[in-house]
Peer 1: 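My questions will all concern the structure given below.
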Amino acid sequence: MSIILALDSSGDVFSAALSTPRGAATPHTDYAYREQHGRAQAACALPLITDLLTKQNYTLEDCDAFAFAAGPGKFSALRLVCTLARSFAYAHNKPLLAVPSFAALAQANYGAQQLTVKCTLPAQQQHVYFAVCSNLAGTWQVDKTALHNCNLPLPAAAVQHACGAGYQSYPHILNQATLTTTAVYSNAAAVWQLAASMLANNEVSEPLTCKPFYLRDKIAETVYQRNARKHC
Amino acid sequence: MAVILAIETSCDETACALLDSERGLLAEQIYSQWRRHAAYGGVVPEMASRDHLARLLPMVDAILKEQPRPTAIAYTAGPGLAGALLTGAATAQALALAWRLPVIAVNHLAGHLLSPLLLATPPIFPYLALLVSGGHTQLWLVEGGAQYRCLGDTLDDAAGEAFDKSAVLLGLGYPGGARLERLAATGDESALTLPSPAQNRYDFSFSGLKTAVRRAVDKGYQKADIAAAFQRAVAHGLARQVRQAVADCGVTQVAVVGGVAQNKYLYQVLAAACAEQQAACIAPHKRHCGDNAAMIAVAARYGEPTAAGGFDVYPRWNPDTLPDAIADGNKLK
């Protein structure tokens, strides 16, 4: 096992997890975790990371890889953790691990349980980010990712388990699935847990080109589209 | 000797520069996103932030190739678009933490005010700076690095904004400032008279001028004549306030900075106004008139404040004041 620094910035929480120092003959199988609630995530991020490293007696150079929750989620929050993780990875020429936020959300709620789960995260404008996550051989596969209009029924209604903050805002889309509320958002601990197997499988991203998974790509109307809408 | 890596992401330009305090500018890159925003009629902040994230780190990598390692990192902390600023701030602070370098939070406007210091023959303090851009129209007395006094400001729109909005009224599209300048060169500036933007002793107002352009369009004046009359009104209004400030402050150098400083007609009118008062009129190199990182490096070199540990950004930061968080950071030095 390697020393991994994992970052997540979901909901109103910024969190970081770092492998704890290993003993003489034991690998890095555990992590230290810190989180900061509130909207000033940018202001707290670096002091929190520095504090976490210092308390574990590590520096950034000691880390073997940097991981972050890659989205979907709040745009600015995604960019924050993406920018930090890729800058650290670039600066020290270390692997970068972009962990899907849905996988980290499922991991935070179900750990290694072999389940198929409907995950939702808030996407504003009466939409949720949606995905079906399946745990296969200890790792979460993310499928059917979509930006879903909450006025329509969710796909994959046969799936019995559900998690994520999207159901808090739109409980009607739950559609009789059993909701788990251990974690409504992903966190750095779950990102850290998934990053270890991604690193082992060499599922690494290139720091210079890696970007968040926004999912919502249409973010503004062109002048032509605005005028067409006004004339309709 | 300091080697400063500077990052600028305040609006829709992604820029990076490397400045050696003794050898000068070693490398720089500027990428303008304006083509991406043109179809939207203005800058879309979320699109700008996404593009900054995609381009900034590769740009840093390219800048640092075969160059000395930086000894400090500077970034634009404000004013500007919050999300765009945050991308540059996070990159700068993360790299600084990783490489154990000091970080310098630079005011974007201070960068413009000091951009003439990039010239081979830079001005000597104190000098007067007329900042004319898409977001600002201000008159500053620049007394030294991190010593700026605002004499006058716009009461509504900025000069560049007035150029762009008038260009849209004239059917030239967005951003149309440069197109308006080209059209004005073919028109008769005396065909109609438009109101001067000069207000009070040193201030400006462009909203009346913009309305007058709309009325002129409605009345059927030739577009080239309207463009020429508009440009004349702007240039002579700015020149009036500059003349006043030169007389009051007793300075012998006037720097025209910001994106609108690229307008040749404006520069000629201002140069003539300065010459009347035995003052020299200077403008930065064309690539340093718009947003760029070289000016951020220069501002860092001339004593902008060191940033605190976090990376809050200040979308409305004026260069003659210091945000509390940065002031607190300075106390630690």
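Computed over heavy atoms, backbone and side chain alike; hydrogens, waters and symmetry mates excluded. Below, chains carry the letters A, B, ... as their sequence lines are ordered, and counting in each starts from 1.
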Peer 1: Got more than 12 heavy atoms from elsewhere within 6.0 Å of CG, A:N57?
Peer 2: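 12 or below, so no.
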Peer 1: Please round to the nearest 0.5 Å and tell me the distance separating atom CG of A:L46 and atom CG of B:L97.
Peer 2: 5.5 Å
Peer 1: Below 4.5 Å from any heavy atom of chain B, which atoms of A:T50 appear? Answer side chain, backbone, both or neither.
Peer 2: side chain
Peer 1: Non-hydrogen contacts under 4.5 angstrom with chain A: give the residues of residues 31-38 of chain B involved, or none if there are none.
Peer 2: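 Within residues 31-38 of chain B, near chain A: nothing under 4.5 Å.
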Peer 1: Go through the atoms of A:L208 and report whether side chain, backbone, both or neither lie under 4.5 Å from a heavy atom of chain B.
Peer 2: both
Peer 1: Check each atom of A:E61 against the heavy atoms of chain B and say whether the ones under 4.5 Å are side chain, backbone, both or neither.
Peer 2: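 The side chain, not the backbone.
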Peer 1: Write out, in numerical order, the residues from residues 60-73 of chain B with a heavy atom short of 4.5 Å from a heavy atom in chain A.
Peer 2: B:V60, B:D61, B:L64
Peer 1: Could you tell me whether A:Q225 atom CD has more than 12 heavy atoms of other residues or ligands within 6.0 Å of it?
Peer 2: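 More than 12 within 6.0 Å, yes.
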Peer 1: Given a strict heavy-atom distance threshold of 4.5 Å, which part of B:R55 is in contact with chain A: side chain, backbone, both, or neither?
Peer 2: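 Neither the backbone nor the side chain of B:R55 comes within 4.5 Å of chain A.
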Peer 1: Should A:R86 and B:L57 count as side-chain neighbours, where that means a heavy-atom distance under 4.5 Å?
Peer 2: yes
Peer 1: Please find the pair of heavy atoms, one from B:A94 and one from A:F88, that lie closest to each other, and give the distance.
Peer 2: O-CE2, 3.6 Å
Peer 1: Taking only heavy atoms into account, what residues of residues 210-219 of chain A are found under 4.5 Å from chain B?
Peer 2: A:C210, A:K211, A:P212, A:Y214, A:R216, A:D217, A:I219
Peer 1: With a 4.5 Å cut-off on heavy-atom pairs, point out which of B:E46, B:R50, B:M59 contacts chain A the most.
Peer 2: B:R50
Peer 1: Taking atom CZ of B:R214 as the centre, report whether more than 12 heavy atoms of other residues, nucleotides or ligands fall under 6.0 Å from it.
Peer 2: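 Result for CZ/B:R214: open.
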Peer 1: Which atoms form the tightest heavy-atom contact between B:Y40 and A:E221, and what is the distance?
Peer 2: CD2-O, 3.2 Å
Peer 1: Looking at every heavy atom in both A:L80 and B:A90, which two are closest together, and how far apart are they?
Peer 2: CD1-CB, 4.4 Å
Peer 1: Looking at CG of B:L53 and SG of A:C82, how far apart are the two atoms once the value is rounded to the nearest 0.5 Å?
Peer 2: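 If I round to the nearest 0.5 Å, the distance is 5.0 Å.
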Peer 1: Quick check on the structure: residues of residues 91-103 of chain A within a heavy-atom distance below 4.5 Å of chain B, by number.
Peer 2: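 Answer by number: A:A91, A:H92.
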